[in-house]
There are 2 protein chains.
Amino acid sequence: MQEGTFIAPGYPEETGGRQPDVYAANCPTRQLLDRIADKWSVLILTTLGMDEMRFNALKRRIDGISQKMLSQTLRSLERDGLVARHVVPTVPVTVSYAITPLGSELIEALQAMIDWAERRMADVTLSQLAYDVRERELAEAIG
Amino acid sequence: MQEGTFIAPGYPEETGGRQPDVYAANCPTRQLLDRIADKWSVLILTTLGMDEMRFNALKRRIDGISQKMLSQTLRSLERDGLVARHVVPTVPVTVSYAITPLGSELIEALQAMIDWAERRMADVTLSQLAYDVRERELAEAIG
DNA sequence: CGGAATCCGCACAGATACTG
DNA sequence: CAGTATCTGTGCGGATTCCG
């Protein structure tokens with residue numbers, strides 16, 4: 001490698017290693033996307049977007065999440081700087097989680113995704129029904 | 001159940017079953033979110049957002065996806081009405097995939113997510129480094 | 001070319017038990 | 001309350017093969 005030519009590890013070589021490309025498997029931005037385009041991450045972040053919340057409150061709010069996945073995902077989000085962990089040394093200890101400024105930027109996109117899902121659910125359901133009918137007819141025609 | 005009280009299956013009972021709640025495990029909107037807040041779905045949809053594309057072109061563009069996951073995810077997206085499948089009866093057959101109007105609405109949110117990831121990657125990396133240093137120091141202090 | 005079908009491993013998620 | 005530790009299983013996803 002030439003002097004003064006810094007190639008960030010994992011960045012696509014075609015661009016000289018300086019352009020992030022989420023479509024390249026080993027690009028850091030792709031790995032970041034894999035962590036945030038995840039159902040638990042999305043639900044945790046948007047929940048914290050409404051209000052700072054304690055561990056068990058989060059667990060109650062996000063139906064179906066296990067304590068393991070909640071703990072694990074929170075740690076990952078904290079490491080990425082999207083969530084801040086606040087510990088109050090009471091007995092027993094009180095821990096709360098809040099969104100960071102960095103995280104709240106991301107939330108806008110995530111919330112738009114959720115809003116779309118709730119707004120267009122009916123269209124999606126109709127599409128599924130139509131698809132299943134076509135499938136069924138095709139299967140019978142062959143069957 | 002009372003006459004005239006329609007409860008859509010899976011919708012939370014507290015709201016009379018009429019309000020979608022993505023935080024309820026068995027709500028249809030939650031299941032829809034689980035399908036779209038998925039790494040392959042996000043990459044496929046945003047790729048098709050740029051241009052209509054054939055199967056193998058998609059496979060080449062999205063680094064690391066297997067034929068099985070591409071086929072499977074495309075079918076799921078088609079069933080949800082987000083992607084349209086066009087078959088041209090040449091020999092061998094030519095199949096291309098395009099985003100639907102419904103899907104292109106969603107893409108805006110997904111693309112915002114990707115743009116955020118590429119824009120804030122540096123901040124995330126710094127946060128990770130700081131986190132790892134704290135972890136390390138803590139581990140050494142305990143021994 | 002664009003898949004479907006099959007086999008298979010292992011990583012991830014759930015359940016359980018325990019701790020400060 | 002807020003986790004960690006350990007075990008266990010299973011289903012997701014990769015690899016391979018075959019087909020129209």
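Just so it is clear, the model here is predicted, and its values are computed rather than measured. The chains referred to below are lettered A, B, ... by the order of the sequence lines, with proteins before strands, and numbering in each begins at 1.
Terminal axes of the helix from C:dC1-D:dG20 to C:dG20-D:dC1 (five pairs each, C1' rotation axis) are separated by 50°, to the nearest 10°.
B:Arg35 has a carboxylate O that lies under 4.0 Å from a charged side-chain N of B:Asp80, or vice versa, which qualifies the two as a salt bridge.
When rounded to the nearest whole Å, the span between CG of B:Asp34 and C1' of C:dC12 equals 15 Å. At whole-Å resolution of the value, CD1 in B:Ile65 and P in D:dC12 are 16 Å apart. The OH atom of A:Tyr97 sits 11 Å away from the C1' atom of D:dC1 (whole-angstrom rounding). Rounded to whole angstrom, the span from the NE2 atom of A:His86 across to the C1' atom of D:dG3 amounts to 18 Å. One interatomic measurement links the two molecules: NZ of A:Lys39 to C1' of C:dG14, which rounds to 12 Å at whole-angstrom precision. As a whole-Å value, the separation of A:Ile62 CD1 from C:dA13 P is 14 Å. Between the CD1 atom of B:Ile44 and the P atom of C:dG3 there is a distance of 12 Å, given to the nearest Å.
Taking only side-chain nitrogens and oxygens, B:Arg85 never comes nearer than 4.0 Å to OP1 or OP2 of C:dG2.
Only A:Ser66, A:Gln67, A:Lys68, A:Met69, A:Gln72, listed by number, bring a heavy atom of residues 66-81 of chain A to less than 4.0 angstrom from any atom of DNA chain C. Annotation: proximity of residues 48-61 of chain B to DNA chain C (heavy atom, distance under 4.0 Å) is found for B:Arg54, B:Phe55, B:Asn56, numbered in ascending order.
The B:Pro92 side chain lies nearest to C:dC1 when the options are C:dC1, D:dA2, C:dG2.
Heavy atoms of other residues, nucleotides or ligands lying less than 6.0 angstrom from CZ of A:Arg119 number more than 12.
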(request) Show your reasoning for whether side chain to side chain contact (heavy atoms under 4.5 Å, CB included) applies to B:Ser76 and B:Gln72. (result) CA-CA 6 Å; B:Ser76 169; B:Gln72 203 168 286; over 6 Å; no

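Of the N and O atoms on the side chains of A:Ser96 and A:Glu52, at least one donor lies less than 3.5 Å from an acceptor on the other residue. Side-chain atoms of B:Gln128 and B:Asp132 include no donor-acceptor pair closer than 3.5 Å.
Contact check for B:Arg120 versus B:Asp123: side-chain heavy atoms found under the 4.5 Å cut-off. Under the 4.5 Å side-chain criterion, counting only non-hydrogen atoms from C-beta, A:Tyr97 is in contact with A:Leu74.
Partner of A:Phe55 under the side chain to side chain contact (heavy atoms under 4.5 Å, CB included) criterion, out of A:Thr94, A:Val95, A:Leu70: A:Leu70 alone. Each of A:Ile114, A:Leu106, A:Ile99 was evaluated against A:Thr46; a single residue qualifies, A:Ile114, per the side chain to side chain contact (heavy atoms under 4.5 Å, CB included) test.
Using modelled atom types, one side-chain atom of A:Thr125 and one backbone atom of A:Met121 make a donor-acceptor pair closer than 3.5 Å.
Closest-nucleotide positions on DNA chain C for A:Val93 and A:Gly64 were compared, and the one nearer the 5' end corresponds to A:Gly64.
Taking the ring centre of A:Tyr23 as origin, the terminal cationic atom of A:Arg30 falls outside the region bounded by 6.0 Å and 45° from the ring axis.
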